[in-house]
Amino acid sequence: MSVYDILAERGYIEQCTHEAELRELLEKQSVTFYIGFDPTADSLHVGHYVQVMVMRHMQNAGHRPIALLGGGTGMVGDPSGRTDLRQMMTVDTIDENCGRFKNQLARFIEFGEDKAICVNNADWLRELRYIDFLREVGSQFSVNRMLTAECFKARLEHGLSFLEFNYMLMQSYDFLELYRRYNCQLQLGGNDQWSNIINGVDLIRRLDGGQAFGLTFKLLTTSAGQKMGKTAKGALWIDERKTTPYDFYHYWRNIDDSDVENCLALLTFLPMDEVRRLGAYKDAKINEAKEVLAYEVTKQVHGEENAKKAAEAEKALFSKGGGEVPSIEMERSGFAEGMNIIDAYLAAGLITSKGEGRRLMEQGGVYVKDQQIKDFTHCLTLDDFEEDKLILRKGKKTFKQIHLK
RNA sequence: GGAGGGGUUCCCGAGUGGCCAAAGGGGGCAGACUGUAAAUCUGUUGUCGACGACUUCGAUGGUUCGAAUCCAUCUCCCUCCA
């Protein structure tokens, strides 16, 4: 079974420039391909992770990945699919983010020698000379055609700066550069990258007469079409300092029924017949599939150790008892005289204001040791702690353990 | 450079002197129902020493008993003209 078929079967593929030719090429030889990551934040998130999964599938099949860090394109900002102007980032931030991306990618992709390459387009984009670039690359683009591109639609209504309008040229040029340097013949990306990709393919053909391919993948969305991986605190990050392994696990454990099969296919390496078997579960049984999903994805991202811990903590909580819950250290002295319960919730970070605490309590969402508390003046004392630990609960699913020091 | 329109709470968006801590929707949180799901329904959604007080409607000053609303200056954004 070729990689193309694997990717297709697992449901990654959305659009392809030349399906038959690409399929043949991938079967015949090792192909160098690239995926670009713009350093828009200080950590990758699950959206990027789908791309990483594809890279791994490709690498397993003997192809050579190039991870392209957007140290240059990040200075311009991709307007695709956005309705507002991206905030401009400083060069320092961009370089810092690139460094972090690189470290994270190295956890999933084996770099080195002929296996995989990591490059930064700052190396060539920042050096570009304006006139030269306009003459070589700019002349190949038709503004008329660019304006009709889907990716600018949203922006034409609200305004699009010339800076961002150029993004497409930058990315197309990247592809050309990689084609020339590494004989990179294929660019992969999320489906929102389609127009950026096909323009790169075109550019290679026009300037070098070369044959290049583009392939895009489904964006990770819920069955309702919403972007996935959004939590109240923002994106679902790969960096465990931004999203703890527990929260990460929790997200997948609580996912919508109808998204289970899709996520298993895209985010794990489980064989497809297994994926389909799990995805077919109905009613309460589908919870088993969600456990598998949460465990597998967490294992890939945070390691087996963390995945086990998260799974145990989750189980322990819902079947009563302790387990490993997000915890916080607090001074023993604070409780010596008793601490007001709302103050304690605030200190533990479960609420952001006392007003919120009051509402929470009025609506019956405050529990200490499984006892619902309805008294604003209730105090927690050292007697409430067992072995210096006490679990505060907010609603049904949010917990925080106080650890005395 | 000229003319016009606009910046309201987490987001979108009403409000054009007191009835405004500010409609409505989205999102969030909690409750009911469930399967730790979805959908649905209910409540809630500025802060605090809480039947009260304090701080919010781009910024700073001003008019007024009283300003998100009126005036001045500044600032940012958008549209059209050149």
Determine the Euclidean distance between corresponding [atom1] atoms of [M] and [N]; express it in Å to zero decimal places.
N      : M      : atom1 : result
U69(B) : U9(B)  : P     : 14 Å
U16(B) : A68(B) : P     : 13 Å
U55(B) : U47(B) : P     : 16 Å
G5(B)  : C10(B) : P     : 29 Å
A72(B) : A23(B) : P     : 30 Å
C20(B) : G66(B) : C1'   : 13 Å
A21(B) : G31(B) : C1'   : 25 Å
U64(B) : G49(B) : C1'   : 33 Å

[N] pairs with which nucleotide, Watson-Crick or G-U wobble, both distances below 3.5 Å?
N      : result
C80(B) : G2(B)
U44(B) : G28(B)
U64(B) : none
C51(B) : none
G35(B) : none
C57(B) : none

According to ring pair (Phe, Tyr, Trp, His ring centres under 6.0 Å), does anything in residues 342-373 of chain A pair up with another residue at least two apart or in another chain? List the pairs.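 Qualifying pairs, neighbours excluded: none.
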So, [X] versus [Y], ring centres under 6.0 angstrom or not?
X         : Y         : result
His302(A) : Phe248(A) : yes
Tyr249(A) : Tyr295(A) : no
His45(A)  : Tyr49(A)  : no
Phe133(A) : Tyr173(A) : yes
Phe175(A) : Tyr34(A)  : yes

| said: I'd like to know if the side chain of Asn340(A) and the backbone of Cys379(A) have a donor-acceptor N/O pair within less than 3.5 Å. | reply: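 Looks like no, no N/O pair under 3.5 Å.
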What is the distance, rounded to the nearest whole Å, between atom [atom1] of [X] and atom [atom2] of [N]?
X         : N      : atom1 : atom2 : result
Gln372(A) : A30(B) : CD    : P     : 13 Å
Lys374(A) : A30(B) : NZ    : P     : 14 Å
Tyr345(A) : A30(B) : OH    : P     : 11 Å
Asp343(A) : A50(B) : CG    : P     : 13 Å

Under a 4.0 Å heavy-atom criterion, the protein footprint on nucleotides 35-41 of chain B, written with B, S and -, is BBBS---
What one should report as the nearest heavy-atom pair of Met55(A) and Ile35(A) is CG-CD1, 3.5 Å
Closest approach of Arg206(A) to Gln140(A) (non-hydrogen atoms, all atoms of both residues):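 Nearest heavy atoms, Arg206(A) then Gln140(A): NH1-O, 3.2 Å.
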Polar atom pairs (N or O), protein with nucleotides 43-47 of chain B, under 3.5 Å:
unit_1 : atom_1 : unit_2    : atom_2 : d
G43(B) : N2     : Gln363(A) : OE1    : 2.6
G43(B) : N2     : Gln363(A) : NE2    : 3.3
G43(B) : N3     : Gln363(A) : NE2    : 3.3
U44(B) : O4'    : Gln363(A) : NE2    : 3.0
U44(B) : O2'    : Arg359(A) : NE     : 3.4
U47(B) : OP1    : Ser353(A) : OG     : 2.7

- prompt: Is Arg23(A) salt-bridged to Glu19(A), cutoff N-O under 4.0 Å?
  reply: yes
